[in-house]
Amino acid sequence: ASPDGDYYVVFSGTARLAACDMDTDGGGWTQVYANDFEDGDASGWTFPTTSDCGDWSRVLGGYELTSTTEFQNEISAGGIAHSQVVLEMHYLAIDTWDHESGYVYINGTGVWSTSYHYLSGGWTDKCGRTDSIDQRTYIIETRSDSSDTIEIKAGSSLDQSPDDESFAVDNVKVWIR
């Protein structure tokens with residue numbers, strides 16, 4: 001078996017280097033998207049604005065930016081035949097969530113949702129209001145999918161302004177095989 005690493009893969013007729021995972025769940029995964037937003041580039045997202053979130057670094061969305069907003073990105077599989085998609089990301093609940101939910105969709109199907117409450121424990125002050133606390137959740141979801149366009153959507157059921165409660169995403173990666 002080949003080791004994990006960067007390999008030349010043909011995307012839409014053009015060879016380019018792509019990260020390949022040859023171990024996880026039998027291997028054969030090709031990364032078609034990765035963004036940690038550190039350079040501030042959020043191109044492709046319907047809400048392409050990043051912000052600083054303390055030692056959680058630069059994120060998509062965030063304090064005073066996103067509460068009732070949804071954002072999505074259509075990611076191309078580059079013509080590579082596949083039957084599965086894996087989405088990895090961090091979802092950040094910022095400040096005074098009071099039993100509202102965060103959610104993530106892949107191609108119109110809900111793949112993750114959870115309710116947050118800022119007094120439930122596990123929260124820490126990272127960004128946003130200094131009198132409130134934040135929580136970061138690691139999400140990894142695998143779905144059967146063979147679409148050449150992979151639409152990722154994140155949002156929340158927040159009902160206050162983004163200077164009171166907000167959300168962000170970070171470290172978004174999409175893999176196919």
Side-chain angles (χ1 to χ4, degrees), residues 1-63 65-66 69-94 102-114 126-127 134-156 167-177:
S2 299
D4 291 349
D6 292 339
Y7 291 87
Y8 280 98
V9 177
V10 176
F11 289 90
S12 301
T14 303
R16 68 175 172 96
L17 278 176
C20 295
D21 178 342
M22 304 302 195
D23 295 320
T24 304
D25 192 26
W29 296 100
T30 300
Q31 189 176 79
V32 294
Y33 182 84
N35 197 337
D36 62 9
F37 306 105
E38 289 306 303
D39 61 3
D41 181 14
S43 57
W45 291 93
T46 56
F47 187 88
T49 305
T50 63
S51 65
D52 183 54
C53 194
D55 65 3
W56 285 345
S57 68
R58 199 126 199 98
V59 297
L60 178 62
Y63 178 64
L65 293 173
T66 45
T69 308
E70 278 186 341
F71 40 83
Q72 63 191 41
N73 193 348
E74 292 185 355
I75 297 157
S76 173
I80 299 172
H82 61 280
S83 60
Q84 292 180 300
V85 172
V86 170
L87 170 66
E88 288 183 79
M89 66 190 301
H90 284 108
Y91 189 98
L92 288 68
I94 302 167
Y103 57 83
V104 175
Y105 284 73
I106 299 173
N107 286 338
T109 301
V111 296
W112 175 87
S113 178
T114 196
K126 295 292 181 179
C127 55
D134 315 307
Q135 189 171 46
R136 180 172 66 175
T137 303
Y138 174 69
I139 300 166
I140 184 165
E141 291 292 333
T142 304
R143 291 291 179 254
S144 294
D145 190 287
S146 59
S147 306
D148 194 53
T149 300
I150 303 155
E151 182 188 76
I152 307 301
K153 179 168 54 173
S156 75
F167 76 96
V169 299
D170 197 16
N171 303 313
V172 179
K173 296 177 185 175
V174 177
W175 302 82
I176 59 174
R177 79 162 176 194

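- For the 3.5 Å distance criterion, the side chains of E38 and S57 qualify, holding a donor opposite an acceptor.
- The nearest pair of heavy atoms linking Y63 to S51 is N-OG, 4.3 Å.
- A donor-acceptor contact shorter than 3.5 Å links the side chain of H82 to the backbone of S147.
- D55 and K126 are joined by a salt bridge, as a carboxylate oxygen and a charged side-chain nitrogen come within less than 4.0 angstrom of each other.
- Within a 6.0 Å sphere centred on OH of Y138, heavy atoms belonging to other residues, nucleotides or ligands number more than 12.
- Closest of all the heavy-atom pairs between L65 and F47 is O-CZ, 3.8 Å.
- Residues G79 and S12 approach most closely at N-OG, 4.2 Å, considering heavy atoms.
- The aromatic rings of Y91 and W112 lie tilted to each other, with the angle between the two planes from 30° to 60°.
- Atom CG of L60 is separated from atom CG of D41 by 10.5 Å, given to the nearest 0.5 angstrom.
- Using a 4.5 Å heavy-atom cutoff, the side chains of E141 and V104 are not in contact.
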Go through K153 and E151 one step at a time and tell me if the salt bridge (Lys or Arg N to Asp or Glu O under 4.0 Å) criterion holds. CA-CA 7 Å; K153 179 168 54 173; E151 182 188 76; 5.3 Å; no

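- Across all non-hydrogen atoms, the minimal contact from P48 to A42 is CB-O, 3.4 Å.
- Qualifying side-chain contact (heavy atoms from CB on, under 4.5 Å) partners for S113, counting only residues two or more places apart in sequence or in other chains: S101, Y103.
- With hydrogens and angles disregarded, no donor-acceptor distance shorter than 3.5 Å links the side chain of D6 to the backbone of L17.
- Not one N or O on the side chain of S146 forms a donor-acceptor pair closer than 3.5 Å with the backbone of S83.
- Between the T66 side chain and the A168 main chain, no donor and acceptor come within less than 3.5 Å of each other.
- For the atom pair Q72 CD and T46 OG1, the distance stands at 5.0 Å (nearest 0.5 Å).
- Minimum interatomic distance between Y7 and S2 (heavy atoms only, all atoms of both residues): OH-CB, 3.4 Å.
- Taking CD of E74 as the start and CD1 of I152 as the end, the distance is 10.5 Å to the nearest 0.5 Å.
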For a side chain to side chain contact (heavy atoms under 4.5 Å, CB included) check, start with the C-alpha distance between V32 and F11, then their side-chain angles and the critical distance, and finish with the verdict. CA-CA 9 Å; V32 294; F11 289 90; 3.7 Å; yes

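- Separation of atoms OG1 (T30) and CD1 (I80) is listed at 5.5 Å; rounding is to 0.5 Å.
- Separating the CG atom in L87 from the CD1 atom in I75 is a distance of 7.5 Å, to the nearest 0.5 Å.
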After noting the C-alpha distance and the side-chain angles of I94 and W56, does the key distance pass the side chain to side chain contact (heavy atoms under 4.5 Å, CB included) rule? CA-CA 12 Å; I94 302 167; W56 285 345; 5.7 Å; no

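- Between F37 and V59, every side-chain heavy-atom pair lies at or beyond the 4.5 Å cut-off.
- Considering all non-hydrogen atoms of both residues, R58 and D52 come closest at NH1-N, 3.3 Å.
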Please set out all donor-acceptor pairs under 3.5 angstrom arising from side-chain atoms of residues 20-27, sequence neighbours excluded.
| unit_1 | atom_1 | unit_2 | atom_2 | d |
| --- | --- | --- | --- | --- |
| D21 | OD1 | D23 | N | 2.8 |
| D21 | OD1 | T24 | N | 2.9 |
| D21 | OD1 | T24 | OG1 | 3.3 |
| D21 | OD2 | T24 | OG1 | 2.6 |
| D25 | OD2 | R177 | NH2 | 3.3 |

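- Rounding to the nearest 0.5 Å gives a distance of 9.5 Å between CH2 of W175 and CD1 of I140.
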Check the pair I176, I150 against side chain to side chain contact (heavy atoms under 4.5 Å, CB included), reporting the backbone distance first and the verdict last. CA-CA 10 Å; I176 59 174; I150 303 155; 3.7 Å; yes

